[in-house]
Amino acid sequence: MELMKDPVTISTGVTYERKNIEKWFYTCKKKTCPTTMQVLHSFDMTPNHTLKRLILAWQNGKSQSQSHDELSMKHDELVSLINTIESSPFKVSSLKKLKSIVELGDHDVKDDFKKCGGVEVLVRIIQQILIESSDFVTFRACEEALSLLIKLPIVLEEEETIKILLQPGCMKSMAIILQRGSEEARFCTVSILQRIMKSDCQWSVVIEDQGIEFFKSLMEIMSDEICSKAISCALQVLIDILEKSKKSRLKAIEAGAMCTLIEILPDSSKSKSEKIMYLIKMMCECADGRMGFIEHGLDKVLDDLLMYGSVKKLVALLHIGGSSTTKERVIKILKLHGDKWKKNPCFPYELKNYLGLESDSL
């Protein structure tokens, strides 16, 4: 009752699996047809192509049927979870189950999730944190919902989904997670924000309506040394926001962005340092930004920049081949603060002539 893989027909017209009839003839030394017991004078075997094609066609049909059944079961499970998750007392476990279905599924599963209203349900769960912010289960459900959203890269590129995520309640909830969430939840949230910024949707208008707390949340991420990837995402999000809106620059300054950025600069990598300097430049284009820059205890920061190696990193950027905006900014920074730094023996001596600094103080 097993399927034949290589069916062959012998002289009596009966078809057998090749390896089995060969064993009958050559290992068992039989000279008869196993079915008819007729004595054979020829042991020739002819491939039965017709039967093999029928077997393959039957197998493909069965496989497609099973695949259809599996998709149907996944769809039913998806719909059931989406429809019951909001009323379930076990939201976190249900969200984890949903996430596993989406992770293991293909584009059709993700599309199915969207068509079933999955994104809207997740946003309602995220917004629940505004009502029950002190409830641990509600907070965990919000974190899980965000970690599921990040698994939907195709959906997140669609304008309708972006509009759902830009609802004021959803944005406020994400700001809370940026301040109080776990490392994974904060990274998921700031990554979602970064994807929103890349869309063509009018997100800048929504961001302008956000209060100071939203920008303070981004500052919390930047000040936190736990997740380096989250810091990099937060810096890019802030760049996208400030490039689009001067009103947002004022809010960022009021939220303490200038102070935060200046203080994290000494310990930042090359790529982060470039982003930080660009953000400082944008904020300094308005009077409040320049005032914030001046009012900061910059003398101490300038000392720290030198002692902890940030000036060395700036010098390294001078070796960039050809002309670049970054290189020009570095030269400007070094010239602006060279009079202070050159008094310290740690300051690179070879920069004296390059920057045109006075030699008598060296």
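Values in this document were obtained by computation on a predicted structure and should not be read as measured data.
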Can you list the steps and then say if Ile21 with Met45 is a side-chain contact (heavy atoms from CB on, under 4.5 Å)? CA-CA 9 Å; Ile21 194 63; Met45 302 173 201; 3.8 Å; yes
Under the criterion salt bridge (charged side-chain N to carboxylate O under 4.0 Å, His left out), I'd like the reasoning laid out for Glu285 against Arg290: C-alpha separation, chi angles, the key distance, then a yes or no. CA-CA 7 Å; Glu285 289 173 0; Arg290 291 191 292 272; over 6 Å; no
Derivation and outcome, side-chain contact (heavy atoms from CB on, under 4.5 Å), residues Lys246 and Cys286: CA-CA 8 Å; Lys246 290 185 178 179; Cys286 61; over 6 Å; no
Quick one: do Gln167 and Gln127 satisfy side chain to side chain donor-acceptor pair (under 3.5 Å)? Show the steps, please. CA-CA 10 Å; Gln167 292 176 12; Gln127 290 175 331; 3.2 Å; yes
Would Lys114 and Glu160 count as a side-chain contact (heavy atoms from CB on, under 4.5 Å) here? Give the steps. CA-CA 10 Å; Lys114 176 203 160 190; Glu160 288 305 313; 5.7 Å; no
Candidate pair Lys115 and Asp111, rule salt bridge (charged side-chain N to carboxylate O under 4.0 Å, His left out), full reasoning: CA-CA 6 Å; Lys115 289 176 181 176; Asp111 197 45; 3.2 Å; yes
Applying side-chain contact (heavy atoms from CB on, under 4.5 Å) to Phe43 and Ile10, what does each step give before you reach the verdict? CA-CA 7 Å; Phe43 300 101; Ile10 62 173; over 6 Å; no
Glu144 and Arg140: CA distance, side-chain angles, deciding distance, salt bridge (charged side-chain N to carboxylate O under 4.0 Å, His left out) verdict: CA-CA 6 Å; Glu144 280 298 328; Arg140 281 290 299 114; 3.1 Å; yes
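Residues Val102 and Lys110 approach most closely at O-NZ, 3.4 Å, considering heavy atoms. The heavy-atom pair separating Leu317 from Lys327 by the smallest distance is O-CG, 4.3 Å. Shown here for Met282 and Arg249, the closest heavy-atom pair between the two residues is O-NH1, 3.4 Å. The two atoms that bring Lys244 and Ser204 nearest to each other are CB-CB, 4.0 Å, heavy atoms only. Ile125 and Ala145 make their closest contact through CG2-CB, 4.2 Å (heavy atoms, listed as atom of the first residue, atom of the second, distance). Contact record, Arg186 with Ile177: CG-O, 3.3 Å, taken as the closest heavy-atom pair.
One finds the CG atom of Asp135 at 10.0 Å from the CD1 atom of Ile129 (value rounded to the nearest 0.5 Å). Within the model, atoms OG1 of Thr138 and CD of Glu143 stand 11.5 Å from one another, a figure rounded to the nearest 0.5 Å. If you take CD1 on Ile82 and CG on Leu78, they are separated by 4.0 Å, rounding to the nearest 0.5 Å. In this structure, Phe139 CZ and Ser182 OG are separated by 8.0 Å, a value rounded to the nearest 0.5 Å. From Ser191, atom OG reaches atom CD1 of Ile150 across 4.5 Å, with rounding to the nearest 0.5 Å. Between atom CG of residue Leu279 and atom CG of residue Leu235 there is a gap of 6.5 Å, rounded to the nearest 0.5 Å.
A donor-acceptor pair under 3.5 Å is absent between the side-chain atoms of Ser80 and the main chain of Asp76, judged by distance alone. Side-chain atoms of Ser217 never come within 3.5 Å of backbone atoms of Leu178 as a donor-acceptor pair (strictly under, hydrogens ignored). Without hydrogens or angle criteria, Ser94 side chain to Phe90 main chain gives a donor-acceptor distance under 3.5 Å. Judged by distance alone, with hydrogens and angles left aside, the side-chain atoms of Ser100 form a donor-acceptor pair with the main-chain N or O of Lys97 at under 3.5 Å. Side-chain N or O atoms of Trp203 include none that pairs as donor or acceptor with a backbone N or O of Leu193 at under 3.5 Å.
Under the 4.5 Å side-chain criterion, counting only non-hydrogen atoms from C-beta, Ile192 is not in contact with Phe187. No side-chain heavy atom of Met174 sits under 4.5 Å from any side-chain heavy atom of Val190. When side chains are defined from C-beta on, Thr9 does not count as touching Val14, because their heavy atoms never get closer than 4.5 Å. Side-chain contact check for Lys172 versus Ile176: every heavy-atom pair is 4.5 Å or farther apart. Side-chain contact between Val8 and Thr15 is absent, with no heavy atoms from C-beta onward closer than 4.5 Å. The shortest distance between side-chain heavy atoms of His49 and Pro7 does not fall below 4.5 Å. Side-chain atoms of Lys5 and Glu17, non-hydrogen and from C-beta on, do get closer than 4.5 Å to each other. Counting only heavy atoms from C-beta outward, the side chains of Lys52 and Met4 never approach each other to under 4.5 Å.
At a threshold of 4.5 Å between side-chain heavy atoms, the hydrophobic network of Ile, Leu, Val, Met, Phe, Trp and Tyr places Val137 and Leu95 in two separate groups. Placement of Tyr16 and Tyr26 within a single hydrophobic cluster is found when ILVMFWY residues are connected by side-chain heavy-atom separations under 4.5 Å, directly or transitively. Under a hydrophobic-cluster definition in which Ile, Leu, Val, Met, Phe, Trp and Tyr are linked whenever side-chain heavy atoms come within less than 4.5 Å, directly or via other members, Ile126 and Val206 are assigned to the same cluster. Criterion: ILVMFWY side-chain heavy atoms under 4.5 Å apart, direct or through other members. Under it, Ile331 and Leu334 are part of a common hydrophobic cluster. Ile333 and Ile276 fall within the same hydrophobic cluster, where Ile, Leu, Val, Met, Phe, Trp and Tyr residues are linked whenever their side-chain heavy atoms come under 4.5 Å apart, directly or through other members.
With respect to Glu213 and Lys216, a salt bridge is recorded, a charged nitrogen being found less than 4.0 Å from a carboxylate O.
Within 6.0 Å of CD in Glu184 there are 12 or fewer heavy atoms belonging to other residues, nucleotides or ligands. When the shell of 6.0 Å around CD of Gln202 is examined, it contains 12 or fewer heavy atoms from other residues, nucleotides or ligands.
In this structure, the side-chain contact (heavy atoms from CB on, under 4.5 Å) partners of Ser248, at least two apart in sequence or on a different chain, are Ile207, Glu208, Phe215, Ile241, Leu242, Ser245. For Glu103, the salt bridge (charged side-chain N to carboxylate O under 4.0 Å, His left out) test picks out Lys151, with sequence neighbours left out.
Relative to the ring axis of Phe25, Lys30 does not place its NZ or CZ within 45° and under 6.0 Å from the centre.
A donor and an acceptor atom, one from each side chain of Lys99 and Ser147, are located under 3.5 Å apart. No hydrogens or angles considered: nothing links the side chains of Thr326 and Tyr278 as a donor-acceptor pair under 3.5 Å.
Checking Ile164, Leu146, Leu165, Leu148 one by one against Leu122, the side-chain contact (heavy atoms from CB on, under 4.5 Å) holds for a single residue, Leu148.
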